[in-house]
Every structure is written in C-alpha cells, then in structure tokens.
Protein chains: 2
Amino acid sequence: MARYQVGIRTESKILEATRQLLAEGGLDAATLKAICERAGVQAGSFYNIFPSKEQAIMQVAGEAIQAVDPDPDLSGTESLNDLVDAYIRFVVEQSDLARVYLQVAVTVGNDDSVTRRFLRHHVRRVERFAQAMLRESLVSTEGEAITKAEVLLGALDGLAFRWVLDRSFDFRKHARYAVSQCGR
Amino acid sequence: MARYQVGIRTESKILEATRQLLAEGGLDAATLKAICERAGVQAGSFYNIFPSKEQAIMQVAGEAIQAVDPDPDLSGTESLNDLVDAYIRFVVEQSDLARVYLQVAVTVGNDDSVTRRFLRHHVRRVERFAQAMLRESLVSTEGEAITKAEVLLGALDGLAFRWVLDRSFDFRKHARYAVSQCGR
DNA sequence: CGACTTTTTGAGTATACACTCCATTTTGGA
DNA sequence: TCCAAAATGGAGTGTATACTCAAAAAGTCG
C-alpha cells in the first residue's frame with residue numbers, strides 16, 4: 001500500500017478534524033459525518049485510509065497521552081518545577097490535545113484498552129514526579145514520595161478539569177500554587 | 001395527575017436502574033433499552049412517567065450534585081477536616097452517585113445547563129472550604145483562602161477521577177494526605 | 001502518452017437509538 | 001362492586017449512526 005501524496009494529506013486533514021471535534025465536544029461530537037464534513041472528505045475516502053472511526057480516534061487519543069509527557073530524554077534530571085511547567089505548557093499551549101486527554105480519560109468505558117494505556121502513562125508520570133521530589137529532598141522515603149506525587153498530579157488533573165469546564169479559570173496560577181505547597 | 005402506588009414504585013425502579021448504568025458506563029451505557037431492561041419495564045411505561053430519557057438522567061445527575069455537599073445546615077461551623085471527610089464519605093460510601101457526579105461533569109457538552117449547575121455548586125463548595133481555612137487561620141487573606149481551596153478541591157476531584165479509573169487506588173489515604181499538606 | 005495504482009465519490013445498507021401509539025390491564029376511591 | 005384514571009405491553013416510526021461498494025477520477029512513472 002505505497003501511498004500517494006494526496007492520500008497522506010487527506011489522512012492529516014481527517015486527524016486534524018477529529019482532534020478539533022474531540023476537543024470541542026468530546027466523543028459524542030466526533031461523528032463520522034462531522035469528521036468528514038470538517039475534513040472536506042466523503043465517507044468512502046475516510047474508510048480508504050482508516051479501517052474504522054475508532055482507529056482514527058485512538059490515534060488522536062494516543063497523541064494526546066504522549067503529548068502530556070515532557071521530553072523523555074530528560075527523565076531523571078529535571079526538577080519538580082520543570083515537570084509542572086511542562087504540564088502547564090501542555091494544558092495552555094496545546095489546549096485542544098489537553099481537552100482530548102481529559103475527555104478520553106473519563107469518557108471511554110472502564111477496563112478499556114485506552115483506560116489501561118492511560119493508567120500506565122499515569123503511573124510512569126507519578127514515578128517521574130516522585131523521583132524529582134526525592135532528588136530535591138522534599139521527602140524522605142520513596143513511599144511518601146509516591147503518595148505526594150499522586151496528590152500533586154491529582155491536583156493538576158483536577159485543576160485542568162476545572163479549566164475545561166470554565167475557560168476563564170486561571171489554571172497556571174493554581175497549578176503553581178499547588179506545587180509551591182509541596183515545597184514545605 | 002394523582003399517582004397510583006405502582007407508578008411510584010416503577011419510577012424509583014427506573015431511577016435506580018439509571019443511576020447504576022450511569023455509574024457503570026457513563027452516559028453511553030444509559031440507553032433507553034438498557035434502563036428499561038434493568039428496571040424490568042417496557043418503553044411505554046417509561047414514557048408514561050418521564051417525558052424524555054434526558055429528564056430521568058437529569059434527575060439522577062441533580063441528585064449526585066446535591067449529594068456531594070455535606071449538610072448545608074452546618075455551613076459556617078464545620079472544620080476543614082469535616083468537609084474533607086464528608087467528601088471522602090461521599091466517594092467511598094455512595095460510589096455510584098460519585099461516579100455519576102464525575103461522569104456528568106465531563107461528559108455533558110460545554111455551556112450546557114448541567115455544566116453551569118455543576119460550576120455553581122463548585123464555587124459554593126470552594127467558598128465553604130475557604131471559610132473553614134480562614135476560621136482555622138491556615139491562611140491570612142480571603143484571596144489566598146480561595147486559591148488554596150480551589151487547589152485542595154482540585155486535588156480531591158483529581159484523586160476521585162483516579163479512583164474511578166482504578167478502583168484499587170486508595171482514595172481515602174491520598175485525600176487525607178492532600179488536606180494534611182494544607183495545614184502547614 | 002499509456003499502463004497501472006491509489007484515491008475519491010456518493011448512493012446504499014444495516015443497525016441502534018429515542019420515542020409514539022393505543023388496546024388492554026390494573027388500581028384504588030366512592 | 002363499579003368505574004374513571006393510571007399504568008402497562010409491545011409492535012411500530014423516524015432518524016442518525018457507522019460502514020460498504022463499484023464505478024469514476026486523479027496521481028505516478030516508464
């Protein structure tokens with residue numbers, strides 16, 4: 001299935017449309033009709049590229065889950081502030097993906113493969129936060145570091161949800177306050 | 001439209017079924033067919049009692065939004081620990097309603113009447129938390145109290161989401177840790 | 001150009017959904 | 001016991017959805 005250029009452009013038009021629709025109205029808004037209309041494409045073209053609607057949505061959701069993580073190459077060297085700043089930047093600058101990230105986390109059925117993937121990434125992020133905390137001596141035992149990291153990430157996720165429901169909420173300020181509370 | 005006993009029982013069977021389905025699989029799982037099957041009722045009976053499926057769901061969602069608040073009569077006297085304990089109890093003991101609460105918060109379209117209702121309640125809860133913090137001198141200005149309350153509630157909501165995705169997560173322990181961090 | 005492959009089109013299919021209709025049964029007060 | 005109001009069963013309606021297919025168009029490369 002060597003591809004022509006036009007097909008590759010169509011693929012990215014479809015993915016972009018899907019991303020927008022997911023960000024705007026969640027899974028319900030991302031109907032095949034809506035995706036195709038926004039991408040300027042017919043249903044047949046969609047299915048020439050993707051085997052199913054779900055496949056396209058998974059791809060966008062996967063992108064979002066990846067994007068929430070800061071540069072993996074830096075893992076093990078960054079400060080807690082760096083990690084939180086990366087999360088803030090993700091939410092503020094890539095707000096579409098951030099909304100997708102939060103939408104899929106809750107909307108998809110439990111015990112789903114997406115949920116498992118989501119949790120796997122979450123656990124990895126918790127460990128990264130916990131290690132930064134240990135490095136900065138904010139905490140004495142590894143167990144306490146994990147707990148503290150879960151609470152901080154919980155706060156960041158909760159504040160991000162708050163921001164998704166009400167865009168006038170100052171996410172950056174509250175996220176910074178949350179991390180400052182860990183520092184004592 | 002004076003009601004007969006049997007109709008009132010049918011109504012509560014339908015509401016119970018709706019509550020369960022919403023808790024288990026969110027809005028998507030609460031189809032008319034699923035609700036009627038679980039309630040042991042036919043579609044015609046459903047529409048004899050509720051004008052629409054949405055109406056029944058709204059009623060359950062409203063219940064959940066109410067239930068997250070601790071006793072309003074105590075407002076202005078309870079400690080921060082009381083407030084957090086009430087939230088923990090809600091999540092742990094009324095887990096079905098708690099899941100509904102979190103599901104509807106995210107699933108419903110933005111700018112929806114449910115979203116507004118949800119936000120109104122949230123703001124009121126933030127104020128209640130902030131006042132408790134002021135009373136306990138955890139904070140000096142009202143502005144800081146509001147910020148701190150937003151962060152604490154964000155953490156509680158975020159941890160509750162974490163628990164919804166993974167029931168083996170120890171919500172109580174992490175929630176307690178979150179509030180203990182405010183105390184310094 | 002000409003042969004071949006990929007892409008696009010757009011009408012068409014099957015299905016699941018919320019909701020309706022109304023004949024029939026059940027209820028509960030007089 | 002009677003009867004009007006309320007509740008029920010269950011087939012039926014319209015609509016939106018994901019997805020298919022065969023023919024036509026457009027891209028690629030010698």
Each nucleotide N or O in nucleotides 11-20 of chain D that has a protein N or O under 3.5 Å away: list the pair and distance.
from, atom 1, to, atom 2, distance (Å)
dA18(D), OP1, L32(A), N, 3.3
dA18(D), OP1, K53(A), NZ, 2.6
dA18(D), OP2, L32(A), N, 2.7
dC19(D), OP2, Y47(A), OH, 2.6
dC19(D), OP2, K53(A), N, 2.8
dC19(D), O5', Y47(A), OH, 3.1

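- Rounded to whole Å, atom P of dA22(D) lies 15 Å from atom CG of N48(A).
- The closest donor-acceptor contact from the side chain of K173(B) to the backbone of T147(A) lies at 3.5 Å or more, if one exists at all.
- No side-chain heavy atom of L83(A) sits less than 4.5 Å from a side-chain heavy atom of R125(A).
- I49(A) places its CD1 atom 7 Å from the P atom of dT7(C), with the value rounded to the nearest Å.
- A salt bridge links E16(A) with R19(A): the distance from a Lys NZ or Arg NE/NH1/NH2 to an Asp or Glu carboxylate oxygen falls below 4.0 Å.
- Each side-chain hydrogen bond (donor to acceptor under 3.5 Å, both in side chains) pair with one or both residues in residues 155-164 of chain B, not counting sequence neighbours, appears once here: H122(A)-R162(B), E150(A)-R162(B), Y87(B)-D157(B), R162(B)-D166(B).
- Side-chain nitrogen and oxygen atoms of R3(B) include none within less than 4.0 Å of the OP1 or OP2 phosphate oxygen of dG28(C).
- Residue Y4(A) has its side chain nearest to dT7(C) when only dA4(D), dT7(C), dT8(C) are considered.
- Using a 4.5 Å heavy-atom cutoff, the side chains of E144(B) and M133(B) are not in contact.
- For dG10(C), one of the phosphate oxygens OP1 or OP2 lies less than 4.0 angstrom from a side-chain nitrogen or oxygen of Q42(A).
- In the displayed structure, R38(A) atom CZ is contacted under 6.0 Å by more than 12 heavy atoms of other residues, nucleotides or ligands.
- Scanning residues 7-15 of chain B for heavy-atom distances under 4.0 Å to DNA chain D yields G7(B), T10(B).
- Checking side-chain atoms of D82(B) against main-chain N and O of S79(B) turns up a donor-acceptor pair under 3.5 Å.
- OP1 or OP2 of dA7(D) has not a single side-chain nitrogen or oxygen of S45(B) nearer than 4.0 Å.
- For the pair V164(A)/Y101(A), no side-chain contact is recorded, criterion being any heavy-atom separation below 4.5 Å from C-beta on.
- Atom-to-atom, CZ of F50(A) to P of dT7(C) comes out at 12 Å; the value is rounded to the nearest Å.
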